[in-house]
Amino acid sequence: MSEVSCMQRRIRFTNKMALESLFLTLILAVAAYLRVTNLGGFFSYDYDEGVYTESARMIVRGYLPNIHVFSSQPPHFILFIAAFLRLFGMKIMIARLLIVITSLIGIISVYLIAKSIEDYKAGLIGAFILSISPYFLRQSRSVQSEVPSISFALLGVWLFFKGFKEKNERHLLLSGVITCLGAMMKLNMGLVIPLILALLMAYKNFKGSGFFTLGCIIPLLILPLFDLSKVIDQMVIFHFAKPATGTWQSRGAYILNMLMMDVGLALTAPIGIIICAIKKGLEGRFTVALTVATFLFLLCYKAFFQHQSVILVPLLAIMSSVALATPMNMGFKKYLEKKERPIKRLRSLIILAILSLALFGLYCIGLRRVIKYDLGLISPRDNAQYHDAVKIIKTYTNSADYIITDEQILAFLAERDVPPNLVDTSHMRISSGYLNSETVIKLSEKYNVKVVILWTGRLRRLSEFIHYVEANFQLVKDYGRGREIYVRL
């Protein structure tokens, strides 16, 4: 009889896992469709797309991060893009496809963490919420480092939970490697590492903390290959030289605007935070601490830009999934309790079912707007001015010529090189004094630049360089609003 019972339990477990895997696969299929549809095209989601793609292009051409190519972040992200472009082709869709893959890793990581906090239902709910959340979807289609960073960091967090619970040093070592890799994609996610180490030390798990630290060191070993003095200057000193982009109130307003794109998530996540803080174990409370720390970091980070706030979304999706799944699970648990009278169990089930439906209703408040935004995001798009500018660039240059632009994605789309030190002509670099007219003029002469494209207003801040361009180049196209193309006389 016991063998039959054991066999039945195994069959039920197998069926449950098969069903769970099927639902997760369907969610990932929807997520992939939303991310790859009309992914290519002559348009840009953000200025940084051009910086990252052209930086990767110059690395494929033989230049090195930090030594030749200015990079204010660790080199890991652009090295990943460069490798992907080298393997599959120098196309904008290929670069964006890498971000799509890391986004799917992020969705799986949210599923795993929510499942470890609550159960598989929370995992599936969290994965679905993140797959359609508008701002995360937008950034999952854009060549920027925030989505890969948070995706790897959360995968590292799940490995930490697994290693901590099972006292498995190999999992803690791997957690260190993956978490640090996330931080090396974007330094902002470095805040995960001290939180994990603090928890390990608090539980006096010194051996585990040693393995985790060793794992964190491994991704750092490539940094000396790129001239450590330049790495420190560009990755550390440069960030201290950056001016503030606003006050904490303005940063809070930007974060709020991002959250209002997914009202249901914004309304249900705080409930999940309360539940995790009060009722859940180590995994729930750690995730709450990470969510709060991330929010406070973004609020206090002086060089904040709105796209950086996307790292909050996967954490909030975990919290939201816990809020939506917990009443449902409590209802089933109460109903199955044999000690209680049937009428009392049924009453508890009805109350918790109503609460669960109310929470799902709360999430669905903004669902129509979410779907509308997502469908708009994946609709065909092309920038006619980009097409025309790329055509002009190719007309006046050949593949061996260099150009200068403050919209680097035009150089990437035109398959043209820029002086490697000018892959980043951002406002931050100019305002901090890391880029000036003298430098740009010298590089123009050194690389015998054939075409200058003024597009975003960044290079116009360098007045001496503008005088140089007007004296040595001929205006061949004026699109208005400061968008001009010059060809060397």
Check for a donor-acceptor pair, side chain of [X] on one end and backbone N or O of [Y] on the other, with a separation under 3.5 Å.
X	Y	value
Thr247	Ser250	yes
Thr405	Ile453	yes
Ser131	Phe128	yes

Salt bridge check: are [X] and [Y] linked by an N-O gap of less than 4.0 Å?
X	Y	result
Lys115	Glu20	yes
Glu445	Arg488	yes
Asp417	Arg61	yes
Lys165	Glu283	yes

Parallel, tilted or perpendicular, as decided by the 30° and 60° cut-offs, for the rings of [Y] and [X]:
X	Y	result
Tyr254	Phe304	tilted
Tyr63	His68	perpendicular
His307	Phe305	parallel

Run the ring pair (Phe, Tyr, Trp, His ring centres under 6.0 Å) test on Phe77 and Tyr52 for me, step by step, so that the C-alpha distance in whole Å, both residues' side-chain angles and the decisive distance to 0.1 Å come before the verdict.
CA-CA 8 Å; Phe77 180 56; Tyr52 286 126; 4.9 Å; yes
Would you indicate whether [X], at its atom [atom1], is surrounded by more than 12 heavy atoms from other residues, nucleotides or ligands within a distance under 6.0 Å?
X	atom1	result
Glu470	CD	yes
Phe23	CZ	no
Tyr386	OH	yes

Test item: side-chain donor near acceptor, [X] and [Y], under 3.5 Å:
X	Y	answer
Tyr434	Asp233	yes
Asn66	Ser71	no
Gln408	Thr425	yes
Ser431	Arg461	yes
Tyr479	Asp388	yes
Tyr47	Glu49	no

If every non-hydrogen atom of Val423 is compared with every non-hydrogen atom of Val69, which pair is closest and at what distance?
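Nearest pair, atom of Val423 first, then Val69: CG2-CG1, 3.4 Å.
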Any side-chain heavy-atom pair from Gln144 and Ile99 closer than 4.5 angstrom?
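Answer no - side chains too far apart.
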